There are 2 protein chains.
Amino acid sequence: MAGWVDDAGFLAGLEPQWREELRACKPVLVPVRTTLFRPGDHAQSFVVLLSGKIGVYLTGRNGRELLLYSVTPGETCVQTTLGVLGGAPYSGEALAETDLVAVLVPPALFERLMAGSAGFRHFVFKAFAARLGDLMFVLEQVAFVKVEQRLAHALLERAGPDGLVSMTHHDLAVVIGTAREVISRRLEAMQSKGLIANERGAIRILDRPALSRMAAQD
Amino acid sequence: MAGWVDDAGFLAGLEPQWREELRACKPVLVPVRTTLFRPGDHAQSFVVLLSGKIGVYLTGRNGRELLLYSVTPGETCVQTTLGVLGGAPYSGEALAETDLVAVLVPPALFERLMAGSAGFRHFVFKAFAARLGDLMFVLEQVAFVKVEQRLAHALLERAGPDGLVSMTHHDLAVVIGTAREVISRRLEAMQSKGLIANERGAIRILDRPALSRMAAQD
DNA sequence: GGCTTCACGGTGACTAAGTCACACGGGATC
DNA sequence: GATCCCGTGTGACTTAGTCACCGTGAAGCC
């Protein structure tokens, strides 16, 4: 009598007896654009995302925002985990980018899983490792890499097969951690070089190879 | 028959039987200025620092460096831990700022501790939480805060009771994540305002309150 | 249809930060 | 005393971020 389906396969590494117990946890539905956590919030449960996408952002006092990482199905939101365990407050802001389905693991079960399941421990640690890696990457980009390169990278990463990137300049500015005007000017420069075409609310990539070169520049 | 003394008190939260087992691990001595890990290195042991100080840095391709965090006695180097567990490679660079004494916990014992000791698990998670917090802080500073404020903050943080900060401009640049010239110019500006006095290899703080105001600026 | 409203984006002018090249001087070393 | 190197100062230039303001297209409202 499974409570939910593990499409993302995060139960795979778990011992059978624990698998059953986890399946008994009720999944939760969250509508798009819900703010899941704000800075200073204190999480009560360990969360595993089953479907949808969560964006975690950092906001500066000047109002500028920066995307720290995204949580995708089969992953957990580390900061929540830290809240459950260490009592550290939440410093980022989590936003439901789509409708979500998630499993909430209550602290008591979480403790028992950590104590009893090597598979679960590895899952949790891999999640930590991945997030720490994400943060290091963002930090390196923000601290050392030029806007033009980051922008080229971001565009390529988010382009559909037709080369369309459905994001506003403001969206891109948040992903990269800069100001909207800077993005506008960079995109205009790229357009005048024939690399992309600007449309309202979207950018179309015309010359992938050239953009890749720009992104990889040493 | 204790193998070493737990000055930093990190054994405090551990169950007695595990305490003994940990004490049996041989401490290791590392001389100052040793590079402990480079990007891509793969750690074999879980490390707990008993005395000394480790600095963990990120290096950009342009050669600029950025201090991510420091490891002090009683703490562990998270990235090492991740290496032991998740197999994630090391992306920062760790340098012994002083002579070190550290305990190396072999993977097998680490696994047994994680499985058997709630106290140990909490120690590990608190370490993770602290590091993640450190990284978030640095990220926020680098992404959103002006150099002048960061510099004022860094100076206050590192000043002795006499107001002396024994660091070169280059050192400060690494701490803040900017270029040496930028630091030189900022310090000169601060000096001309009477906030500090520049000396060779050091800065003397003359007006703490004013510097605090500068650091706190909204 | 005509009107309002608002998100999206363009622009100029200015400040802050980063880069590059090079110059100066004090200590240490030989 | 000559040399070397580290720490620092400086000018000129590029890139990025900020502020204020404008135009325009799209959605909604009357």
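It should be emphasised that the depicted structure is a prediction, and the values quoted were computed from it without experimental measurement. Chain A is the first sequence line, chain B the second, and so forth, proteins listed ahead of strands; every chain is numbered from 1.
- Toward the 5′ end of DNA chain C lies the nearest nucleotide of A:His170, the other residue of the pair A:Lys146 and A:His170 mapping further downstream.
- Per the geometry, CG belonging to A:Leu172 stands 12 Å off P belonging to C:dC8, to the nearest Å.
- When all heavy atoms of B:Pro27 and B:Val101 are compared, the closest pair comes out as CB-CG1, 3.9 Å.
- Salt-bridge formation is not detected for the pair B:Arg150/B:Glu157: no Lys NZ or Arg NE/NH1/NH2 atom is positioned less than 4.0 Å from an Asp or Glu carboxylate oxygen.
- Contact annotation: the side chain of B:Val124 never approaches that of B:Thr76 to less than 4.5 Å [non-hydrogen atoms, C-beta and beyond].
- Ring geometry for B:Phe125 against A:Phe125 counts as parallel: the plane angle stays under 30°, on a 0 to 90° scale with 60° as the upper cut.
- A sub-4.0 Å separation between OP1 or OP2 of D:dT18 and a side-chain N or O of A:Asn62 is present.
- Per the geometry, CG belonging to A:Asp171 stands 11 Å off C1' belonging to C:dA7, to the nearest Å.
- Residues from residues 181-202 of chain B lying near DNA chain D, meaning a heavy-atom separation below 4.0 Å, are B:Glu181, B:Ser184, B:Arg185, B:Glu188, B:Glu199, B:Arg200, B:Gly201 in numerical order.
- For the pair A:Glu75 and A:Lys53, the salt-bridge criterion is not met [side-chain N within less than 4.0 Å of a carboxylate O].
- For the OP1/OP2 pair of C:dG10 and a distance below 4.0 Å, the side-chain nitrogens and oxygens of A:His169 include at least one atom meeting the criterion.
- The aromatic rings of A:Phe137 and A:His153 sit tilted relative to each other, their planes meeting at an angle between 30° and 60°.
- Across the protein-nucleic acid pair, B:Gln149 atom CD and D:dG17 atom P stand 16 Å apart, rounded to whole Å.
- Residue contacts shown for A:Arg64 are limited to sugar-phosphate atoms, with no base heavy atom under 4.0 Å away.
- In this structure, A:Leu151 places its CG atom 10 Å from P of D:dA16, rounding to the nearest Å.
- Donor-acceptor pairing under 3.5 Å, judged by distance alone, is present between the side chain of A:Arg180 and the base of C:dG10.
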